[in-house]
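Every number for a ligand or one of its atoms is a count from 1 in the order of the listing. Counting begins at 1 with the first residue of the sequence.
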Amino acid sequence: MTVYLVGAGPGDADLLTVRAAQLLAEAEVVVHDRLISREVLALVNKRAARYDVGKAPGLAHSQEGINELLVALARDFEFVVRLKGGDPFVFGRGGEEVEALEAHGIDVRVVPGVTSAFAGPLLAGIPVTHRGVSHGVTVVTGSSVKGSRVDFACLANADVTLVVLMGVERRAEIAAELIEGGLAPSTPVGVVEWASTDQQRCLRCRLDELGASHVRAPAVLVIGEVAALDLGSVKTFAATWAFA
Ligand code: SAH
């Protein structure tokens, strides 16, 4: 009765950690999200029971329901893998799942994954930090949960790169708030859709053009001078790939 919370990376199975691949090959049961690629799922032990608890926007398996399922499975199986996109502790609600499991006395181990927050920009040729251009990087969510949301005007800082996950829907408001906070309207922006997959696309624009841009989720927004760089984008590694 151990639950492994495993990061699946951004999509391309080559970006799984060795530990993640081993756990998938040995799992008795796998509980996974929507944004897990077919290619990654193909590595799951063929005899393992699989639960897709993918939360398509709108129709949701509630987080409470997922927590209950994990607790129940942990009682029935010795070895449960909970597979989450990217890194389990970067906006994956992984922390909540660990709390719920530990509250029931269940042993939990967490396996880090390659997060889309950093791999997305990189695969599009954008370094999130670059000497003389950006001194750091701030990763935030663009979505608002129960009315509480990030104050983007306070994050307007030309020396630090801003990476926004879940920001596609509110991109116009985000850009407006950053400009209001003092960021130049001409600040470069990169939008990386479906990073590491064969559908990867990177759109480049100015901050004041972001609202009108055509973008498909999932995407990572990269805002700052680094988004003007294009350093060795490695799109060619992406294998044929589709979501399950
Ligand atoms: N734990 C995940 C993030 C989950 S939140 C991680 O570490 O990557 C979901 C958001 O992640 C999406 O809205 C999108 O902003 C981003 N995302 C996840 N996979 C992506 C991908 N392959 N390409 C671009 N963005 C991705």
Do [X] and ligand 1 have an N or O pair less than 3.5 Å apart?
{"X": "A195", "result": "yes"}
{"X": "V90", "result": "yes"}
{"X": "G167", "result": "no"}
{"X": "D87", "result": "yes"}
{"X": "M166", "result": "yes"}

With respect to [X], which candidate in [options] satisfies the side-chain contact (heavy atoms from CB on, under 4.5 Å) definition?
{"X": "R82", "options": "L5, V29, L69", "result": "L5"}
{"X": "L203", "options": "V215, V189, V192", "result": "V215"}
{"X": "Y51", "options": "V80, L70, V31, I66", "result": "V31"}

What atoms of ligand 1 come closer than 4.0 angstrom to any heavy atom of [X]?
{"X": "G85", "result": "1 (N), 2 (C), 6 (C)"}
{"X": "S116", "result": "6 (C), 7 (O), 8 (O), 11 (O), 16 (C), 17 (N), 18 (C), 19 (N), 20 (C), 26 (C)"}
{"X": "V192", "result": "24 (C)"}
{"X": "T115", "result": "6 (C), 7 (O), 8 (O)"}

Is the contact between A219 and ligand 1 made by the side chain, the backbone, both, or neither, using heavy atoms and a 4.0 Å cut-off? backbone
For ligand 1, is any non-hydrogen atom under 4.0 Å from V168's backbone (N, CA, C, O), its side chain (CB onward), both, or neither? neither
Taking atom CZ as the centre, does R19 end up with more than 12 heavy-atom neighbours from other residues, nucleotides or ligands that are less than 6.0 angstrom away? no
Any chance CD of E102 has more than 12 other-residue heavy atoms, nucleotides or ligands included, within less than 6.0 Å? yes
Examine distances only and state if a side-chain atom of R170 and a backbone atom of G142 form a donor-acceptor pair shorter than 3.5 Å. yes
Test item: V160 and L155 side chains (from C-beta on) under 4.5 Å apart, heavy atoms: no
Is it the case that T129 and S134 place a side-chain donor and acceptor less than 3.5 Å from each other? no
